[in-house]
Trainee: 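Take a look at the following structure, please.
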Amino acid sequence: MSAATLGHVLQGVGVGRRAVVGPVAQVRPAPHLEPDAPLLVDGVPADAATVHAAVEAAFADVATALRDQSARSAGTVKDVLAATAQMADDRALRTQVLARIDGGEPVVSAIDAVVSTFAAMFEQAGGYLAERVTDLRSVRDRVVARAMGLPAPGVPELTRPSVVVAKDLAPADTAALDLANVLAIVTELGGPTGHTAIIAGQLGLPCIVRVTGATSIPDGTPVAVDAANGTVTTDPDTALRAELDRRAAVEVALESDTAPGGTADGRPVALVANIGTAEDAARVSGGAVEGVGLFRTEVLFLERASAPTADEQTAVYARALTSFGTRKVVVRTLDAGADKPLGFATQPDEENPALGVRGYRLVRTHPELLDTQLTALARAQTETGTTPWVMAPMIATAAEARAFAARARAAGVATVGVMIEVPAAALRAREILAEVDFVSLGTNDLAQYTMATDRLRGELADLLDPWQPAVLDLVDATARAGIEAHKPVGVCGESAADPVLALVLVGLGVTSLSMSAGAVPAVRYALRNHSTAECATMAASALAAPSAADARAAVVDLVHPDVREMLGV
Ligand code: PEP
Ligand code: MG
């Protein structure tokens with residue numbers, strides 16, 4: 001059945017395979033700040049007393065709304081909302097705004113000026129206050145919107161399970177979503193391997209990016225979000241709903257196999273999860289995953305004005321390690337920079353941040369960040385009696401791998417690896433593997449750098465495709481080096497979550513696949529139904545194909561027909 005014949009279909013780029021139906025909840029953009037815009041009553045500029053009263057009421061309303069919302073929320077969302085409500089209630093802030101307005105300054109200009117002054121003071125104070133600057137700006141936007149009669153900006157309060165739709169979402173917005181009521185995420189901008197899409201995947205949420213027109217769907221409209229096909233269908237009919245129900249039943253059936261991952265002839269392939277927080281670890285560890293292949297620790301650093309202390313990091317790592325007990329956990333050191341900028345670490349003026357001081361390269365400018373992190377991990381290891389593995393992102397040379405391994409071992413972490421996500425590292429995988437115990441292919445960045453294609457540019461998704469022969473060649477080179485060195489070669493980019501591509505990766509010699517936990521059952525099923533020799537044949541035909549589309553088509557032809565049918569490929 002073609003989804004295109006049903007409802008009104010918007011096409012985007014899907015992340016993952018899941019599908020849901022639910023009502024739309026639009027994330028309103030911040031109001032455009034026009035400093036001189038007058039406050040109008042019945043279409044004419046209001047008098048001074050009315051403006052004063054309206055702004056005072058706007059502050060009070062915003063504070064009340066935030067407090068109420070906080071009272072109905074839980075966890076981080078509750079705390080963030082409560083802290084933001086306190087700012088909207090702040091007497092000094094309000095008094096200074098009103099004084100400027102009484103002095104004749106336009107509303108927006110007055111609010112913006114006072115908030116800017118406070119933001120500068122907060123930033124200078126550092127620590128907790130500096131971290132509240134984003135909340136302060138959100139108070140400004142809410143009060144301006146309230147006073148000017150515009151819809152409240154930001155992620156709306158979700159009172160029922162909803163499909164969150166936004167122009168774009170910062171990783172921090174995504175991480176702060178009230179998960180109990182988020183069914184799926186749809187954005188107009190962003191790329192399929194951008195960090196918002198990845199965080200959504202880790203949270204197990206279907207996500208579709210690059211959906212032109214999504215922000216025009218009215219709030220409350222029922223939509224079917226199908227990540228496998230990248231479609232958002234408004235007012236889905238019963239046939240589409242039935243098809244999605246059938247697919248959900250297949251997912252449930254696949255989940256009943258909880259045995260360790262491996263091929264039909266018994267070659268083990270560890271199926272492990274990508275996580276970003278200790279909460280992810282707690283949630284995911286209850287499922288059938290053999291551990292964690294990628295703990296993206298930068299989530300702990302996002303939206304902060306300074307790095308978390310060693311104690312704070314130790315506590316988070318210890319919680320994550322405890323969740324997995326004796327199962328393997330690969331912790332990746334901070335991968336800041338490019339699309340994950342950190343105010344205190346990355347340089348704001350880099351012309352090509354993806355090619356700049358990001359990932360492991362931060363050791364050049366901020367060695368203390370890496371050392372604190374390694375110390376915290378070693379302490380968490382001692383506290384929990386576990387043996388985490390550690391790896392560095394964005395390694396380009398064997399010398400970097402050697403230096404990282406020395407630092408990690410000196411800190412007390414025994415099993416050390418690096419990510420292969422820069423073509424130079426893939427080409428020199430043999431020399432790199434001589435320095436470390438394992439490598440993990442980050443195919444998101446490997447595709448970005450091999451194809452010279454920004455991973456955030458959804459319109460270039462065809463070039464960014466991990467099926468691109470040049471990308472597969474580099475995976476092949478790395479896997480061969482691993483076989484030669486008898487050392488593990490994992491994949492932790494999004495490509496590991498594609499059950500068909502997973503067969504190719506295993507055929508190339510990859511030993512573990514790390515993905516969002518929700519993707520594991522389909523990958524496990526695909527592997528279980530193909531032998532090592534069949535995977536090798538698929539890998540050979542993918543490498544021989546002239547294009548990404550041909551490679552995929554050739555491999556799909558080799559997939560057993562019943563597996564094709566079950567997985568809908
Ligand atoms: C990758 O690049 O494939 C990867 C796993 O790292 P990240 O997506 O966090 O950059
Ligand atoms: Mg990467």
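No hydrogens, no waters, no symmetry mates; every other heavy atom, side chains included, goes into these values. Both counts, for ligands and for their atoms, begin at 1 and track the order of listing. Just so we're clear, the structure is a prediction, and the values are computed from it rather than from any experiment.
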Trainee: Do other residues, nucleotides or ligands put more than 12 heavy atoms under 6.0 Å from R428 CZ?
Mentor: no
Trainee: Are side-chain N/O atoms of S516 and N274 paired as donor and acceptor at under 3.5 Å?
Mentor: no
Trainee: Taking only heavy atoms of D335, which atoms of ligand 1 are found under 4.0 Å from at least one of them?
Mentor: 10 (O)
Trainee: List ligand 1 atoms under 4.0 Å from C492, heavy atoms only on the residue side.
Mentor: 5 (C)
Trainee: Are Q448 and ligand 1 in contact, using a heavy-atom cut-off of under 4.0 Å?
Mentor: no
Trainee: Show me which atoms of ligand 1 lie under 4.0 Å from any heavy atom of M419.
Mentor: 4 (C), 5 (C), 6 (O)
Trainee: Between Q468 and D465, do the side chains contain a donor N or O and an acceptor N or O under 3.5 Å apart?
Mentor: no
Trainee: Say whether E494 and ligand 1 are in contact under the criterion: heavy-atom distance to a ligand atom below 4.0 Å.
Mentor: no
Trainee: Below 4.0 angstrom from a heavy atom of E421, which ligand 1 atoms are there? Numbered from 1 as shown, please.
Mentor: 1 (C), 2 (O), 4 (C), 6 (O)
Trainee: Using a distance-only test with no angle check, is there a side-chain donor-acceptor pair under 3.5 angstrom linking T263 and T532?
Mentor: yes
Trainee: Decide, counting backbone as well as side-chain atoms, whether D335 has an N, O or S atom less than 2.8 Å from the Mg ion (ligand 2).
Mentor: no
Trainee: Kindly report the OD2-the Mg ion (ligand 2)-OE1 angle for D445 and E421 respectively, rounded to 10°.
Mentor: 100°
Trainee: As an exercise, state the distance from CG of L472 to CG of D476, rounded to the nearest 0.5 Å.
Mentor: 8.5 Å
Trainee: Does this structure show an ion pair linking D335 with R361, if we count only N-O contacts that are shorter than 4.0 Å?
Mentor: no
Trainee: Could you list all the ring-ring contact (aromatic ring centres under 6.0 Å, His included) pairs where at least one residue sits in residues 435-455, not counting sequence neighbours?
Mentor: W389-F438
Trainee: Examine the side chains of Q373 and Y317 and answer whether a donor and an acceptor come within less than 3.5 Å of each other.
Mentor: yes
Trainee: Which of the atoms of ligand 1 are close to R296, meaning less than 4.0 Å from one of its heavy atoms?
Mentor: 4 (C), 5 (C), 6 (O), 7 (P), 8 (O), 9 (O)
Trainee: Can you list the atoms of ligand 1 that are under 4.0 Å from a heavy atom of L294?
Mentor: 5 (C)
Trainee: Just heavy atoms, cut-off under 4.0 Å: does N444 contact ligand 1 by side chain, backbone, both, or neither?
Mentor: both
Trainee: Can you run down the salt bridge (Lys or Arg N to Asp or Glu O under 4.0 Å) pairs that involve residues 307-325, sequence neighbours left out, and say none if there aren't any?
Mentor: E279-R319, R304-E312, D311-R379
Trainee: State the atoms of ligand 1, each with its element, that fall below the 4.0 Å cut-off from a heavy-atom position in R455.
Mentor: 2 (O), 7 (P), 8 (O), 10 (O)
Trainee: Below 3.5 angstrom, do we get any N/O pair linking T443 and ligand 1?
Mentor: yes
